[in-house]
2 protein chains.
Amino acid sequence: MASLKDIAEKTGVSIRTVNRALKGDEKIKEATKKIVLAAAKELNYIPNLAARALKSGGGYEVIAVINNLHEMHLRKFAAMEKVLREKELLLSIFIVEDENCCEDLLKRLSLSRPAGAVLMADYDNQEQYDLIKGLWKIFDQQDIPCLGIDLDFEGMSQVILDRSKAIYDSITYLQQKGYKDIAYAGIEGAFGNDERIEGYKKAVKTHSLKENIFLAPLAVGDEARVESGKLAMEHFAKFAKRPQAIQFFTDMMAVSALQYCQQNGIKVPEDLAIIGFDNQPITAFTQPPLTTISQPVERVGEISGKLLCDLIKSSNSVSYTKFVDADLVERAST
Amino acid sequence: MASLKDIAEKTGVSIRTVNRALKGDEKIKEATKKIVLAAAKELNYIPNLAARALKSGGGYEVIAVINNLHEMHLRKFAAMEKVLREKELLLSIFIVEDENCCEDLLKRLSLSRPAGAVLMADYDNQEQYDLIKGLWKIFDQQDIPCLGIDLDFEGMSQVILDRSKAIYDSITYLQQKGYKDIAYAGIEGAFGNDERIEGYKKAVKTHSLKENIFLAPLAVGDEARVESGKLAMEHFAKFAKRPQAIQFFTDMMAVSALQYCQQNGIKVPEDLAIIGFDNQPITAFTQPPLTTISQPVERVGEISGKLLCDLIKSSNSVSYTKFVDADLVERAST
DNA sequence: TTGTAAGCGTTATCAC
DNA sequence: GTGATAACGCTTACAA
């Protein structure tokens with residue numbers, strides 16, 4: 001593997017001059033520069049980033065911390081990695097397993113000091129929240145620039161999906177389609193539920209609708225989510241008049257509601273319009289295909305990558321918050 | 001940021017001794033070691049990987065190459081990362097974007113030379129196949145131990161799901177449940193289709209069944225897979241007697257078939273039993289829940305991690321192939 | 001058991 | 001314009 005030294009020897013100039021030629025910005029005779037560049041090309045010179053990082057003090061990798069494995073996260077990874085790669089940063093992943101994760105992270109950091117970190121972890125309960133906040137504190141203490149995605153620790157830079165606006169928009173969309181009695185079915189205390197309710201209430205107010213909210217109790221896991229969809233449908237069935245449209249907390253709930261409708265002879269969207277949240281792969285293939293709210297994962301990843309690069313470069317401790325808009329994916333359930 | 005030098009100064013011993021204490025494996029007085037370790041902890045010492053890599057030339061990380069983003073892969077990552085972490089290896093991801101991936105990889109390798117690599121990329125067509133094989137050749141040329149997961153380049157070490165056995169087992173299961181006319185619906189030329197057919201044919205022979213195979217044309221993407229499920233159902237509908245059970249190439253196809261049945265008044269499993277392949281999250285919640293074949297992602301990840309560690313350690317160029325058994329997940333569709 | 005010192009490839013400060 | 005040379009933090013042969 002050719003180094004500056006090799007090029008220097010080959011061309012007969014000093015290492016410093018080779019360096020100047022390669023960097024391009026410093027004063028150097030055109031002729032020398034040409035010769036050096038030719039030699040560099042011939043020797044297949046590739047700069048050694050480890051050496052560069054050593055000299056300049058900075059690490060050259062970004063740790064992505066993640067606990068809940070979803071395709072969504074991976075796609076954010078992908079978009080982020082693309083941005084980071086351009087800045088010659090590597091993306092390294094750290095998977096949160098259990099309550100030892102803080103120790104694990106410290107151990108991980110003892111293997112290499114990253115230039116920055118992204119917390120993509122999410123939480124379902126207080127314990128997890130505390131745990132993840134602990135991870136952030138470690139980065140903070142170590143002065144490692146850290147960006148949270150869909151996380152809201154005070155003082156941390158973050159990229160957040162604007163759930164409130166997303167729901168406001170979806171309710172508005174339903175209202176414009178002519179639906180009048182529009183309900184929201186969420187999950188008490190789940191991450192992002194409050195923001196959704198906020199958007200719902202705002203839309204209800206703006207369009208002078210009747211507020212109709214059902215909250216299922218918090219429970220973790222896919223099965224629980226499916227169960228909550230059924231719970232919601234059973235709740236609304238108790239009343240004389242069913243709502244004309246329901247915005248669900250999540251696709252899982254919505255899909256489950258769809259099944260309930262199928263089993264109980266409720267026609268979607270004629271009798272009841274349904275909107276999910278997340279745009280999971282299934283939703284395109286349900287019966288009928290589900291209208292849903294799509295988190296723009298690529299955009300989130302890209303923005304996060306860029307923001308993190310800025311944080312790494314600037315290294316002042318200001319924290320930024322960036323909101324990202326969701327997209328409404330219209331399908332046959334509305 | 002504390003360095004060996006800082007610890008040395010604080011404790012009054014030489015850098016070399018600090019290094020020995022931290023490494024642990026060399027001869028050193030217990031007392032000295034204790035003092036040094038305490039100081040290291042107090043100073044929050046984190047080794048500088050750049051410096052280490054610079055000196056020793058060798059990397060401390062494993063690159064995972066991936067192109068098609070699926071939750072499955074991520075879960076393999078997770079299990080693998082756990083194994084690697086124990087060996088003080090970092091997991092770094094490299095996402096394959098396009099036909100420039102070979103150049104990109106070379107560039108990536110100029111940033112850090114990894115200790116090993118895992119190719120988790122999969123392919124749908126010849127071009128992709130060639131591209132990914134190109135990536136492997138780069139690792140091979142650079143003498144970087146490389147493990148393929150569900151990939152079969154000659155001379156490369158690999159961990160492979162035993163699809164043939166999986167299908168043999170599922171057909172046998174159907175036969176033992178009393179089904180007689182058991183069909184296989186696959187996709188011509190898709191990765192793993194031949195192995196599935198092999199297992200199917202073997203089972204047909206063993207149990208003296210009637211061979212009944214339908215192959216949809218190859219097309220890429222989820223929607224295409226769903227479409228092929230419908231194609232398969234339409235194919236089988238043409239005959240006087242529908243098969244009693246169908247093993248599908250993939251969950252997507254099976255789910256689509258399930259929908260077809262619902263729309264056409266075919267009762268599952270009474271009129272027709274259906275088995276998928278992959279155990280995707282949806283399958284637990286379809287109507288009825290789908291019996292499917294589960295790739296033991298955790299086991300695959302773990303085995304891969306261990307095998308890769310062995311490859312890195314031994315550094316001889318023998319290549320290993322390890323087959324992993326799939327699990328049958330029995331649900332209500334059979 | 002511990003210490004000295006060289007060197008990995010780069011960058012940057014000086015002096016020429 | 002160009003070239004010595006020191007330094008980044010770590011590893012490792014060689015001394016002591």
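Letters A, B, ... are given to chains in the order of the sequence lines, protein chains preceding strands, and every chain is numbered from 1. Below, each value reflects all heavy atoms present in this structure, side chains not excepted, and no hydrogens, waters or symmetry copies.
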**Message:** Could you check whether B:Glu298 pairs with B:Arg75 (Lys NZ or Arg NE/NH1/NH2 to Asp/Glu carboxylate O, under 4.0 Å)?
**Reply:**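 Looking at B:Arg75 together with B:Glu298, the answer is yes, because their closest N to O distance falls below 4.0 Å.
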
**Asked** In this structure, which one of A:Asn67, A:Ile132, A:Leu131 forms a side-chain contact (heavy atoms from CB on, under 4.5 Å) with A:Tyr123?
**Response**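 Testing A:Tyr123 for a side-chain contact (heavy atoms from CB on, under 4.5 Å) against A:Asn67, A:Ile132, A:Leu131 leaves exactly one candidate, A:Ile132.
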
**Outermost nucleotides of DNA chain C that come under 4.0 Å of a non-hydrogen atom of chain A** =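 Terminal contacting nucleotides, 5' to 3': C:dG9 to C:dT13.
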
**Item:** Five-pair end axes of the helix from C:dT1-D:dA16 to C:dC16-D:dG1, angle between them (10°)
**Value:**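 Taking five pairs per end, the axes differ by 40°.
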
**Item:** Counterpart residues, side-chain hydrogen bond (donor to acceptor under 3.5 Å, both in side chains), relative to B:Ser92 (two or more places apart)
**Value:**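 Residues passing side-chain hydrogen bond (donor to acceptor under 3.5 Å, both in side chains) with B:Ser92: B:Arg108.
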
**Prompt:** Is there a salt bridge (charged side-chain N to carboxylate O under 4.0 Å, His left out) between B:Glu86 and B:Lys82 once you walk through the steps?
**Reply:** CA-CA 7 Å; B:Glu86 272 170 26; B:Lys82 207 171 168 179; over 6 Å; no

**Item:** Within residues 28-37 of chain A: residues closer than 4.0 Å to DNA chain D (heavy atoms)
**Value:**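 When residues 28-37 of chain A is checked for heavy atoms under 4.0 Å from DNA chain D, the hits, listed by number, are A:Ile28, A:Lys29, A:Thr32.
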
**Asked** Quick one: salt bridge (charged side-chain N to carboxylate O under 4.0 Å, His left out) pairs with a partner in residues 30-50 of chain A, sequence neighbours left out?
**Response**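 Pairs touching residues 30-50 of chain A that pass the test: A:Lys10-A:Glu42.
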
**Asked** With B:Asp130, which residues qualify under side chain to side chain contact (heavy atoms under 4.5 Å, CB included), at least two apart?
**Response**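 Partners of B:Asp130 under the side chain to side chain contact (heavy atoms under 4.5 Å, CB included) test: B:Gln126.
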
**Item:** Set of residues satisfying side chain to side chain contact (heavy atoms under 4.5 Å, CB included) with respect to A:Glu81, sequence neighbours excluded
**Value:**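 Expected list: A:Arg85, A:Leu91, B:Phe94, B:Ile95.
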
**Message:** Can you tell me if A:Thr17 touches the phosphate of D:dG3, counting only side-chain N or O atoms and a distance under 4.0 Å to OP1 or OP2?
**Reply:**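 Checking D:dG3 against A:Thr17, a side-chain N or O does come within under 4.0 Å of OP1 or OP2.
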
**Fill in**
For nucleotides 6-16 of chain D, 5' to 3', base contacts (B), sugar-phosphate-only contacts (S) and non-contacts (-) with protein non-hydrogen atoms under 4.0 Å give -BBBBBBB---

**Request:** Can you sort out the partners of B:Glu9 under salt bridge (charged side-chain N to carboxylate O under 4.0 Å, His left out), two or more places apart, ordered by chain and number?
**Result:**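 If we apply the salt bridge (charged side-chain N to carboxylate O under 4.0 Å, His left out) test to B:Glu9, skipping adjacent residues, there are no hits.
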
**For A:Asp150, all residues meeting salt bridge (charged side-chain N to carboxylate O under 4.0 Å, His left out), sequence neighbours excluded** =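 A:Arg163.
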
Donor-acceptor contacts under 3.5 Å from residues 11-20 of chain B side chains, at least two apart:
unit_1  : atom_1 : unit_2  : atom_2 : d
B:Thr11 : OG1    : B:Ile7  : O      : 2.8
B:Thr11 : OG1    : B:Ala8  : O      : 3.4
B:Ser14 : OG     : B:Arg16 : N      : 3.4
B:Ser14 : OG     : B:Thr17 : N      : 3.2
B:Ser14 : OG     : B:Thr17 : OG1    : 3.2
B:Arg16 : NH1    : B:Asn19 : OD1    : 3.1
B:Arg16 : NH2    : B:Glu26 : OE2    : 2.8

**Asked** What closest approach, in Å, do A:Ser304 and A:Val300 show between heavy atoms, and which atom pair accounts for it?
**Response**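 Result for this residue pair: OG-O, 2.6 Å.
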
Would you list the atom pairs, donor with acceptor, under 3.5 Å between side chains in residues 152-162 of chain A and any protein atom, with sequence neighbours excluded?
unit_1   : atom_1 : unit_2   : atom_2 : d
A:Ser157 : OG     : A:Tyr320 : N      : 2.9
A:Gln158 : NE2    : A:Met156 : O      : 2.7
A:Asp162 : OD1    : A:Lys165 : N      : 3.1

